[in-house]
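Notes follow the structure.
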Number of protein chains: 2
Amino acid sequence: MRITPQRSAIYKAVLEHGDHPTASEIHKWIARDMPHVSIDTVNRTLHSFHDMGLLNIVEGEGGPRRFDPNTRSHHHLHCDRCGKIIDFYSDAADNMPIPPEVQNDFIVERKRIVLSGICRECMNANDASGSGT
Amino acid sequence: MRITPQRSAIYKAVLEHGDHPTASEIHKWIARDMPHVSIDTVNRTLHSFHDMGLLNIVEGEGGPRRFDPNTRSHHHLHCDRCGKIIDFYSDAADNMPIPPEVQNDFIVERKRIVLSGICRECMNANDASGSGT
DNA sequence: TGCTATATAAGAGCGTTTCTTATATACTTC
DNA sequence: GAAGTATATAAGAAACGCTCTTATATAGCA
């Protein structure tokens, strides 16, 4: 695979952006330096990176695809309020036994735990607005 | 919420369909009996059911939204080949400890394990085509 | 330098989801 | 039972994300 200015910029943007960006967010992000990169190039490049194992596509309940440059084994917290996705690490999760009936009927290649709920910032936002005695 | 013929048909279709259908699949499914139901009604109704906790939206890596009427605590197998999603149950998964640093910064309301790999049918399809000595 | 393979930009096209508006239906009140 | 009110639906338009097509540009190679 050729290294082009666009691809460097896209990969750098995914790393810098941090919060599991969408193709559209990457597109806007790199527009500061390279205003002529098309959204199609961003999408195609992210897809190529995914095929190469350079980044993951984050699980989600619809909405635009989000990308994740973290290649360590990790898991996700999804905030129901703000939509933020936070990485976390857990040996217990990584080593969790897989039920025998699953092992018989399925070759497991990846394991991901998804916890949904409310993140600290949304908790605090809630406290600030609703706690006056 | 009012019970209408459309809503009954849509809920019945989700239950009968079994394999985590999309709105479009539900739309086609009920068209046999009710050919004038619009895709918008199907989408809106599925969304309402989701808000009421009657069904879940399945986690996925893009593509159309898929719905799940199974309200028991369960987890999912995703086949990378055919895209099928299979429910499974696991006490180990349900009781898996949550890391303390997560508990401090996040209120966990739902827990879902997602295993990705190859399902039995795709395994067999592969054997059948590729095993002749 | 010329050739070939790969990459990109721009616009078109497609599928999914949502919005808008008019009509239809069920429930409530009198 | 009739009129009024709130909710639901159908149809089409629109928005959005993603992919495809085609022409152009670029890098690597002979």
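Source: prediction; values computed, not measured. Lettering of chains follows the sequences in order, A, B, ..., and the numbering in each one begins at 1.
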**OP:** Report the distance from atom NE2 of A:His36 to atom C1' of C:dG11, rounded to the nearest whole Å.
**Re:** 16 Å
**OP:** Scan A:Ser38 against the nucleic acid and name what it touches under 4.0 Å (heavy atoms): base, sugar-phosphate only, or nothing.
**Re:** base
Original post:
Taking only N and O in the side chain of B:Thr41, is any of them less than 4.0 Å away from OP1 or OP2 of D:dA10?
Top reply: yes
Original post:
Where each residue is assigned the nucleotide of DNA chain D containing its nearest heavy atom, which of B:Met34 and A:Arg66 is assigned the position nearer the 5′ end?
Top reply: B:Met34
Subject >> Closest to the A:Arg2 side chain, choosing from C:dA9, C:dA7, C:dT17 >> reply: C:dA7
Original post:
Does the pair B:Glu121/B:Lys84 count as a salt bridge with the N-to-O cut at 4.0 Å?
Top reply: yes
Original post:
How would you label the contact of A:Arg7 with the nucleic acid (heavy atoms, under 4.0 Å): base, sugar-phosphate, or nothing?
Top reply: sugar-phosphate
Subject >> OP1 or OP2 of C:dT16 under 4.0 Å from side-chain N/O of B:Arg65 >> reply: no
Original post:
In terms of heavy-atom contacts, does NE2 of A:His47 have more than 12 from other residues, nucleotides or ligands at under 6.0 Å?
Top reply: no
Original post:
Do B:Arg72 and B:Asp87 sit within salt-bridge range, that is, some charged N less than 4.0 Å from a carboxylate O?
Top reply: no
**OP:** Measure the distance from CE on B:Met1 to C1' on D:dT7 and round it to the nearest whole Å.
**Re:** 10 Å
Original post:
Once you round it to whole Å, what is the distance between P of D:dG17 and CG of A:Asn43?
Top reply: 10 Å
Subject >> Cation-pi check, A:Arg120 onto B:Phe106 ring (under 6.0 Å, within 45° of axis) >> reply: no
**OP:** Give the rounded distance in Å between these two atoms: CD of B:Glu25 and P of C:dT17.
**Re:** 11 Å
**OP:** Measure from NE2 on A:His27 to P on C:dT8 and round the result to the nearest Å.
**Re:** 13 Å
**OP:** In whole angstrom, give the distance that lies between atom CG of B:Asp51 and atom P of D:dA8.
**Re:** 12 Å
Original post:
Are OP1 or OP2 of D:dT9 and a side-chain N or O of B:Thr4 less than 4.0 angstrom apart?
Top reply: yes
**OP:** Check the pair B:Glu59 / A:Arg112 against salt bridge (charged side-chain N to carboxylate O under 4.0 Å, His left out), numbers first and verdict last.
**Re:** CA-CA 11 Å; B:Glu59 71 288 339; A:Arg112 171 68 49 87; over 6 Å; no
Subject >> Interatomic distance where CD belongs to B:Gln6 and C1' belongs to C:dA24 [whole Å] >> reply: 10 Å
**OP:** Assess whether one donor atom and one acceptor atom, taken from the side chain of B:Asp40 and the base of C:dC19, lie less than 3.5 Å apart.
**Re:** yes
Original post:
Taking for each residue the nucleotide of DNA chain C bearing the nearest heavy atom, is the 5' side occupied by B:Pro5 or by B:His47?
Top reply: B:His47
Original post:
Once you round it to whole Å, what is the distance between P of C:dT16 and CD of B:Glu61?
Top reply: 18 Å
